[in-house]
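In what follows, a structure is listed as structure tokens, so that the remarks can point back to it.
These numbers come from a predicted model, not from an experiment.
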Amino acid sequence: MAAIVLIVLLARGRPRKQAEVLTPDEVIRQQFAAVTRRLEALEQGVAQVTAALPSTVQTVSVVRFNPFPEMGGNMSFSLALLDARANGVVISVLNDRTGSRIYGKPVEGGISPQKLSDEEQQAISLARGRKA
């Protein structure tokens with residue numbers, strides 16, 4: 001379609017625009033303006049990332065344990081996933097010979113409104129940078 005339009009325009013004898021000749025100063029001004037626009041876009045992107053960063057998962061901790069004496073090894077674990085404000089979740093997976101049970105508990109400010117096991121509390125403490 002574009003080729004047909006081009007042929008029709010050429011057939012009519014329309015004068016073509018001559019290429020604009022820019023001085024070196026104008027070229028530099030245009031390049032500077034383009035760099036300025038890119039820099040502003042990058043600054044906006046950095047501001048968005050900076051605003052979102054506190055609510056992203058920043059600390060992770062895993063505590064392995066054996067809740068069932070009849071099983072060998074520490075096949076169960078508690079996993080804490082926290083943001084910069086110590087908000088997030090602690091997930092516990094209890095494994096035995098018959099299957100697995102998975103529990104998730106919310107964490108706000110390093111504490112949970114639900115009762116935490118010792119292993120869950122240890123995982124949260126480790127994720128917050130405290131030795132449990």
Side-chain angles (χ1 to χ4, degrees):
M1 183 68 180
I4 295 171
V5 172
L6 180 62
I7 292 170
V8 170
L9 290 176
L10 289 175
R12 288 187 181 170
R14 288 186 176 214
R16 288 189 269 171
K17 275 189 172 178
Q18 291 185 356
E20 201 176 313
V21 179
L22 299 176
T23 67
D25 286 346
E26 292 170 329
V27 170
I28 291 172
R29 280 191 193 96
Q30 285 183 355
Q31 290 174 344
F32 183 75
V35 169
T36 300
R37 285 190 301 274
R38 290 181 69 193
L39 180 61
E40 289 170 354
L42 286 171
E43 288 173 341
Q44 287 176 357
V46 168
Q48 290 173 345
V49 169
T50 301
L53 192 59
S55 63
T56 62
V57 172
Q58 295 187 18
T59 57
V60 176
S61 175
V62 176
V63 174
R64 296 179 62 91
F65 60 96
N66 183 5
F68 307 109
E70 68 277 1
M71 283 184 54
N74 293 335
M75 302 304 293
S76 298
F77 64 90
S78 289
L79 169 70
L81 303 166
L82 303 178
D83 66 11
R85 297 179 186 106
N87 297 329
V89 65
V90 62
I91 300 168
S92 292
V93 178
L94 304 177
N95 296 302
D96 66 15
R97 289 192 173 105
T98 61
S100 297
R101 291 179 295 246
I102 302 171
Y103 303 94
K105 298 176 184 176
V107 178
E108 295 179 19
I111 58 173
S112 178
Q114 297 180 347
K115 183 165 173 40
L116 297 174
S117 69
D118 292 341
E119 294 82 8
E120 290 167 333
Q121 188 60 55
Q122 182 182 5
I124 291 170
S125 293
L126 288 171
R128 295 186 75 189
R130 288 187 250 130
K131 292 186 178 184

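Atom CZ in Phe65 sits 9.5 Å away from atom CD in Gln122 (nearest 0.5 Å). With rounding to the nearest 0.5 Å, the separation of OG in Ser61 from CD1 in Ile124 is 9.5 Å. To the nearest 0.5 Å, atom CD of residue Glu40 and atom OG1 of residue Thr36 are 6.5 Å apart.
Checked by atom type and distance alone, the side chain of Asn87 pairs as donor or acceptor with a backbone atom of Gly109 at under 3.5 Å. In this structure, the side chain of Thr59 engages the main chain of Ala127 through a donor-acceptor pair within 3.5 Å. The closest donor-acceptor contact from the side chain of Ser76 to the backbone of Asn95 lies under 3.5 Å. With hydrogens and angles disregarded, a donor-acceptor distance shorter than 3.5 Å links the side chain of Glu26 to the backbone of Thr23.
Looking at Leu126 and Val63, their side chains come closer than 4.5 Å, going by heavy atoms from C-beta outward. For the pair Leu116 and Val90, the minimum side-chain heavy-atom distance is below 4.5 Å. You'll find the side chain of Leu94 stays beyond 4.5 Å of the side chain of Phe77, heavy atoms only. A heavy-atom distance below 4.5 Å is not found between the side chains of Leu82 and Val57. You'll find the side chain of Gln31 reaches within 4.5 Å of the side chain of Val27, heavy atoms only. Taking the side chain as every heavy atom from C-beta outward, Ile91 and Ile102 approach each other to under 4.5 Å.
Pairs engaging residues 105-115 under the side chain to side chain donor-acceptor pair (under 3.5 Å) rule: Lys105-Glu120 [sequence neighbours left out]. Note on residues 85-95: no pairs pass salt bridge (Lys or Arg N to Asp or Glu O under 4.0 Å), not counting sequence neighbours.
Nearest heavy-atom pair across Pro54 and Ala51 is CD-O, 3.5 Å.
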For this session: Could you please spell out the steps behind the side-chain contact (heavy atoms from CB on, under 4.5 Å) verdict for Leu53 and Gln58?
Result: CA-CA 9 Å; Leu53 192 59; Gln58 295 187 18; 3.8 Å; yes

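Placement of Val107 and Val89 in two distinct hydrophobic clusters is found when ILVMFWY residues are connected by side-chain heavy-atom separations under 4.5 Å, directly or transitively. The hydrophobic cluster containing Val62 does not contain Tyr103, counting ILVMFWY residues as joined when their side-chain heavy atoms lie under 4.5 angstrom apart, directly or transitively.
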